[in-house]
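All values below were derived from every heavy atom in this structure, side-chain atoms included, with hydrogens, water molecules and symmetry-related copies excluded. Residue numbering restarts at 1 for every chain, and letters A, B, ... go by the order of the sequence lines.
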Number of protein chains: 2
Amino acid sequence: MIDMVSARKKMELFPSACRGAGLKVTPQRVAVYGMLLKTDSHPSAEEVYHVIRAAIPSISLGTVYKILDTLHNQGFLRRVATSRQTARYDARVEPHHHTLCEQCGKIQDVDVALEPELVHLEKSTEDFRVKIPEVVFHGTCGDCAQPAPVVH
Amino acid sequence: MIDMVSARKKMELFPSACRGAGLKVTPQRVAVYGMLLKTDSHPSAEEVYHVIRAAIPSISLGTVYKILDTLHNQGFLRRVATSRQTARYDARVEPHHHTLCEQCGKIQDVDVALEPELVHLEKSTEDFRVKIPEVVFHGTCGDCAQPAPVVH
DNA sequence: GTGGCTGCAAAGCTTTTGCATGTTC
DNA sequence: GAACATGCAAAAGCTTTGCAGCCAC
């Protein structure tokens, strides 16, 4: 479920945040960031590309990759940890966690704070600076758990 | 740090565990599994391939991929969650967690139980069957945190 | 002997790179 | 106008697939 208030705020701040980071405000960047703010499906680069093409038909997949990389490096986006080949993106940079369906790859948000344990864990990892602690719940989603339909 | 006692036990049980799962016991499989038991570096398929080649020069990369896939499907291996393209493997299937260096990709084990919180988290995710809860600590490892050496 | 496994090569998917052109500031 | 971003195409990286021959059981 998306927090539209927070999403709108981020969208409003985006242009000045870009300029503050030395990035130019292009329609492509705005569209990619806006799209990621409006979804909770943690799309891949390819999925972002297909959605953006509806609004900006001239955009290229390579540009989408470059934008995702730039926004990730600047901290506008998170790359969700998965055990698959394809990168998945998330504009919610606030601490939260994910379920990952090993069958279909679906990623869902898990909004549970992990404070007391986290402090403990961070202390235990000397020689490593933790930026984002993320719990990945590997498993099977509701759709994939259902018995396969009988084919006659 | 590797628990050699546990690793030796697993190696001894491997042949019968394979047969029990309907898998044949081939030198290639034994070598791949044995190699992963002896390391805590969470190697990629390519890295496994290079090590195994020293013992079995005829092995091919495709075979390594197939073996890793088979052993993962049968629960002998975990695929570690990362935010990179390359899959990383772990023969320690018992619950434990990882640090992930966003710079160099290094993965290290974090051995802290997460029991009380986990129960809480599992309850909170209806419609999803959790198999493995894994904490990924995204951040920067000691080597990458060091200031770049001055070049004259 | 049979079914499954290996080795090889080709193909597929995801991502990166280089460069000319276009756009933001 | 300068610096940066885009679009395009080629290439690189990782993984899967198909098939003939081989091996474990």
Side-chain angles (χ1 to χ4, degrees), chain A residues 14-33 35 42-50 52-53 55-74 76-77 79-89 102-105 107, chain B residues 14-33 35 42-50 52-53 55-74 76-77 79-89 102-105 107:
Chain A
F14 186 60
S16 60
C18 273
R19 292 191 191 99
L23 301 178
K24 291 181 175 168
V25 181
T26 67
Q28 290 85 343
R29 263 180 200 157
V30 172
V32 167
Y33 187 60
M35 182 264 174
H42 311 85
S44 65
E46 188 86 34
E47 286 160 355
V48 172
Y49 172 60
H50 275 102
I52 303 296
R53 253 158 85 104
I56 307 180
S58 67
I59 199 170
S60 74
L61 181 56
T63 297
V64 171
Y65 271 104
K66 283 172 195 160
I67 289 174
L68 291 170
D69 197 46
T70 304
L71 295 184
H72 173 247
N73 290 338
Q74 295 296 332
F76 289 101
L77 303 178
R79 254 203 277 264
V80 179
T82 73
S83 44
R84 301 176 151 244
Q85 197 179 186
T86 312
R88 305 280 293 267
Y89 295 87
E102 302 276 4
Q103 254 85 72
C104 69
I107 296 171
Chain B
F14 186 60
S16 59
C18 273
R19 292 192 191 98
L23 301 178
K24 290 183 175 168
V25 181
T26 67
Q28 289 86 342
R29 265 182 198 157
V30 172
V32 167
Y33 187 60
M35 182 262 176
H42 312 84
S44 65
E46 190 86 35
E47 286 160 355
V48 172
Y49 172 61
H50 275 102
I52 303 296
R53 253 158 84 105
I56 307 180
S58 67
I59 200 169
S60 74
L61 181 56
T63 297
V64 171
Y65 272 103
K66 283 171 195 161
I67 290 174
L68 292 170
D69 197 46
T70 305
L71 294 184
H72 173 247
N73 290 339
Q74 295 296 333
F76 289 102
L77 303 178
R79 254 203 277 262
V80 179
T82 73
S83 45
R84 301 176 150 243
Q85 197 180 188
T86 312
R88 306 280 294 266
Y89 295 86
E102 302 277 3
Q103 254 85 70
C104 69
I107 297 171

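- For the pair A:Lys66 NZ and C:dG22 C1', the interatomic distance rounds to 13 Å; values are reported in whole Å.
- As a whole-Å value, the separation of A:Tyr49 OH from C:dT15 P is 15 Å.
- Of all heavy-atom pairs spanning B:Glu102 and B:Ser83, the tightest one is OE1-OG, 3.5 Å.
- Residue A:Gln85 contributes atom CD, which lies 7 Å from atom P of C:dT14 at whole-angstrom precision.
- Between A:Leu68 atom CG and C:dT14 atom P the separation is 14 Å, expressed in whole Å.
- Between B:Leu23 and A:Leu23, the residue anchored nearer the 5' end of DNA chain D, judged by the nucleotide with its closest heavy atom, is A:Leu23.
- In this structure, A:Thr63 reaches the bases: a heavy-atom distance under 4.0 Å links it to at least one base atom across the strands shown.
- Atom-to-atom, CD1 of B:Ile67 to P of D:dA24 comes out at 13 Å; the value is rounded to the nearest Å.
- Atom CZ in A:Phe14 sits roughly 14 Å away from atom P in C:dT24 (whole-Å rounding).
- Remark: A:Ser60 is not in phosphate contact with D:dC8, judged by side-chain N or O atoms under 4.0 Å from OP1 or OP2.
- Of the side-chain N and O atoms in A:Ser58, one or more sit less than 4.0 angstrom from OP1 or OP2 of D:dG7.
- Listed pair A:Thr70 / D:dA5 fails the phosphate criterion, with no side-chain N or O lying under 4.0 Å from OP1 or OP2.
- Each of A:Tyr89 and A:Val25 lies near DNA chain C, and the nucleotide nearest A:Tyr89 is the one positioned closer to the 5' end.
- A side-chain contact (heavy atoms from CB on, under 4.5 Å) with A:Leu71 is found for one member of A:Asp69, A:Leu68, A:Ile67 and no other, namely A:Ile67.
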Next item on the list: Might you work through the side-chain contact (heavy atoms from CB on, under 4.5 Å) test for B:His42 and B:Tyr89, ending with a clear yes or no?
Entry: CA-CA 5 Å; B:His42 312 84; B:Tyr89 295 86; over 6 Å; no

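- By the 30° and 60° cut-offs, the orientation of the rings of B:Phe14 relative to B:Tyr33 is parallel.
- Proximity of A:Tyr65 to the phosphate of C:dT16: no side-chain N or O atom is located under 4.0 Å from OP1 or OP2.
- Distances shorter than 4.0 Å separate some side-chain N or O of B:Gln28 from OP1 or OP2 on C:dG7.
- At C:dT6, one or more side-chain N or O atoms of B:Thr26 fall inside 4.0 Å of OP1 or OP2 (strictly under the cut-off).
- Aromatic rings of B:Tyr49 and B:Tyr65 (six-membered ring for Trp) have centroids beyond the 6.0 Å cut-off, not under it.
- The nucleotide whose nearest atom lies closest to any side-chain atom of B:Thr86 is, among C:dC5, D:dT15, C:dT15, D:dT15.
- In terms of position on DNA chain D, the residue among A:Gly62 and B:Lys24 whose nearest nucleotide sits closer to the 5' end is A:Gly62.
- Between the CG atom of B:Asn73 and the P atom of C:dC5 there is a distance of 12 Å, given to the nearest Å.
- One atom, CD of A:Glu46, and another, P of C:dG12, lie 15 Å apart when rounded to the nearest Å.
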